[in-house]
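To keep things clear, I will list the structure first and then write my remarks on it.
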Amino acid sequence: MMNNTFQEDRAYAQWLDEQDPLKAIRERFYVQPNEIYMDGNSLGLASKDAEKALQNMLDIWKNEGIKLWDGLFHYAGKLGELSAPLINAYPDEIVITGSTTTNIHQCISTLYKPTKKRYKILVDDLNFPTDRYAVDSQVRLHGYEPNDAVKVVESLDGRLIDETAVINAMTDDVALILLPTVLYRSSQIIDMKRVTEAAHERGILIGWDLCHAIGAIPMDFKDIQPDFAVWCTYKYLSAGPGSIAGLYMNRKHFNETPGLAGWWGNKDDTQFELKQQFEHQQDASGWQIGSPSFLAMAPLEGTLNIFNEVGMKNIREKSLLITAYLMYLIDEKLERYGFSVGNPREDHRRGGHVCLEHKEAYRICKALKEANVIPDFREPNVIRLAPIALYNTYEEVYTLVEILEEIVVEKRYEVFSNERTLVV
Ligand SMILES: *Cc1c(COP(=O)(O)O)cnc(C)c1O
C-alpha cells in the first residue's frame, strides 16, 4: 500500500485493524490494558504460548526429575530446527545457546585465525557496543591491539552505514567481518547478500548479528551463505528477559574445532563416556559449551510456534504496512513540531522499528511513559517506536501519534527539565 492511500482519522486506523489478517494473534499476547507498548524490539511481550511452554517444562522437571534428559537431550537443537524457517537455514546449522555476546566470542574464537598479513577484524561504528567489546577482546586474546587490529567503518551521518564503504574497507589485511543486519538505532537494513558476497570474493569470513532482524525481517541464509550469525531471542522473538540466544554456523565450518569448547559440544554418542579428550559434534550443537538452561529456553518454543504458524512473510507484510502508517502520521501530524524520521524509508532498507528523532527525545520519552506509552530512548535524540506485527494495532499507532502531538503542543515534557536537556 502506498503512503498516499492512508487517511488521517481514527476510523481509518480502526478499518486497518479490521482488515488485519493477524488481528487474532494479539489475543495470544499479554498486552496490558491502557498501555501502548512500542518496545517489543527491546523486550518482546509475553505470550500465552510462551507461558504454556514454560509451564510444560516445569511439569516435566516436577514429574520426571533426571529422566527428563531422555526426551530433552536435543532440546537446544530442536529449538534450532524451529528457528530455521525464520532465516531459511538448514536446521543443523542452528543451536539455541548462550547469549548474543558469548556466541560472538564463540564464533570469532572459532573462525578468527589471524596471520601476519591478514589479522584485522572489520566492524562498523554504529553496532551495539557489546559486539565491539567482544571483538576488541578477541583481538587482544590473539596478542593484537584493537586500535591496530580492529578496523572500523565509520558512519557519515551517525545513522546509516554505507555498504559501498564497507566493501571498500575489505582490504587484504582483513580476516573477518562482524556487522549488524539491522542497525539498532536507525533501523537500517544492511544488504547482507551484497556485503557477504563481496567479503567472500576477497577471501574474508563474515558473521552477522541478527538481534534486531530476527523475527522482524525474513532472511535467506541458503542464498546468502554467511559464515556465522548470532542473535538474542528476547526482542522480536518474545522469549523472555535473558532468554537463550541463537547461533548459526555455516555447514562448511562444521569441521572447525570450537574456540570455546565444553562438554555440551562433544559428540552425542560419546558425551557421557566423559573422556578427557574432546570430540567435536559436527553440527551447530557442537558449539554449545555447558549445560543448556531449559527453563530459560522453553518460552522460545512457544513463541517460535507462533512465528512458524504465521510465517515471516505475513509478519513482514504487516510490519511494513504498520511502520509505513506510523511514518505517514509522523509526516502529516508531527513534522511541524521538529520531529523527523531517521530510518531509511524504502521497504527493503528499513527494519521493524521507526526511528523518530527530536531534539527533546529524552524528555519526550519520559512524558510518553507518563501517558502509558512505552517507547525507548536511544542516545542522543532517538525515540524508537516498534509497532510489532504480532500484537500492536493500527489504532494504537494512531493514539501514539495523537499523544506525541499533545505532549509537544502542551510542552508536557518540560516538567522533566531538571533531569536533562539536550540540543543536538
Ligand atoms: C540487543 C543486542 C545485543 C545484546 O547482547 P546480549 O548478549 O544478548 O545481552 C547484542 N548485539 C546487538 C546488535 C543487539 O541489538
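Note that ligands are numbered from 1 as they come in the structure, with each ligand's atoms numbered from 1 the same way. All values derive from a computational prediction rather than experimental measurement.
Under a 4.0 Å N-O distance rule, the pair E197/R202 does not qualify as a salt bridge. Salt bridge absent: R28 and E51 never bring a charged side-chain N and a carboxylate O closer than 4.0 Å. Salt bridge status for R345 with D331: present, with a side-chain N to carboxylate O gap under 4.0 Å. Taking a cutoff of 4.0 Å between a charged side-chain nitrogen and a carboxylate oxygen, D20 and K318 qualify as a salt bridge. Between D376 and R378, at least one side-chain nitrogen of the basic residue sits less than 4.0 Å from a carboxylate oxygen of the acidic one, meeting the salt-bridge criterion. Contact check on K113 versus E256 returns a salt bridge, with a Lys/Arg side-chain nitrogen under 4.0 Å from an Asp/Glu carboxylate oxygen.
At the top of the distance list for atom 13 (C) of ligand 1, counting protein heavy atoms only, stands D209 OD2, 3.2 Å. Residue, atom and distance of the protein heavy atom nearest to atom 7 (O) of ligand 1 are T101 OG1, 2.5 Å. The protein heavy-atom contact nearest to atom 6 (P) of ligand 1 is Y234 OH, 3.4 Å. When only non-hydrogen protein atoms are considered, atom 5 (O) of ligand 1 lies nearest to T100 CB, 3.4 Å.
Looking at heavy atoms from C-beta onward, M170 lies in side-chain contact with I167 at the 4.5 angstrom threshold.
With a 4.0 Å heavy-atom cut-off, ligand 1 is reached by no atom of P180. The proximity of D131 to ligand 1, defined as any non-hydrogen pair under 4.0 Å, is limited to the side chain.
Using a 4.0 Å cut-off to heavy atoms of K235, the atoms of ligand 1 that qualify are 1 (C), 2 (C), 3 (C), 14 (C), 15 (O). Remark: ligand 1 atoms within the under-4.0 Å shell around heavy atoms of H212 are 15 (O). Those atoms of ligand 1 with a heavy atom of N127 less than 4.0 angstrom away are 13 (C). Within the listing of ligand 1, atoms 7 (O) sit less than 4.0 angstrom from a heavy atom of S99.
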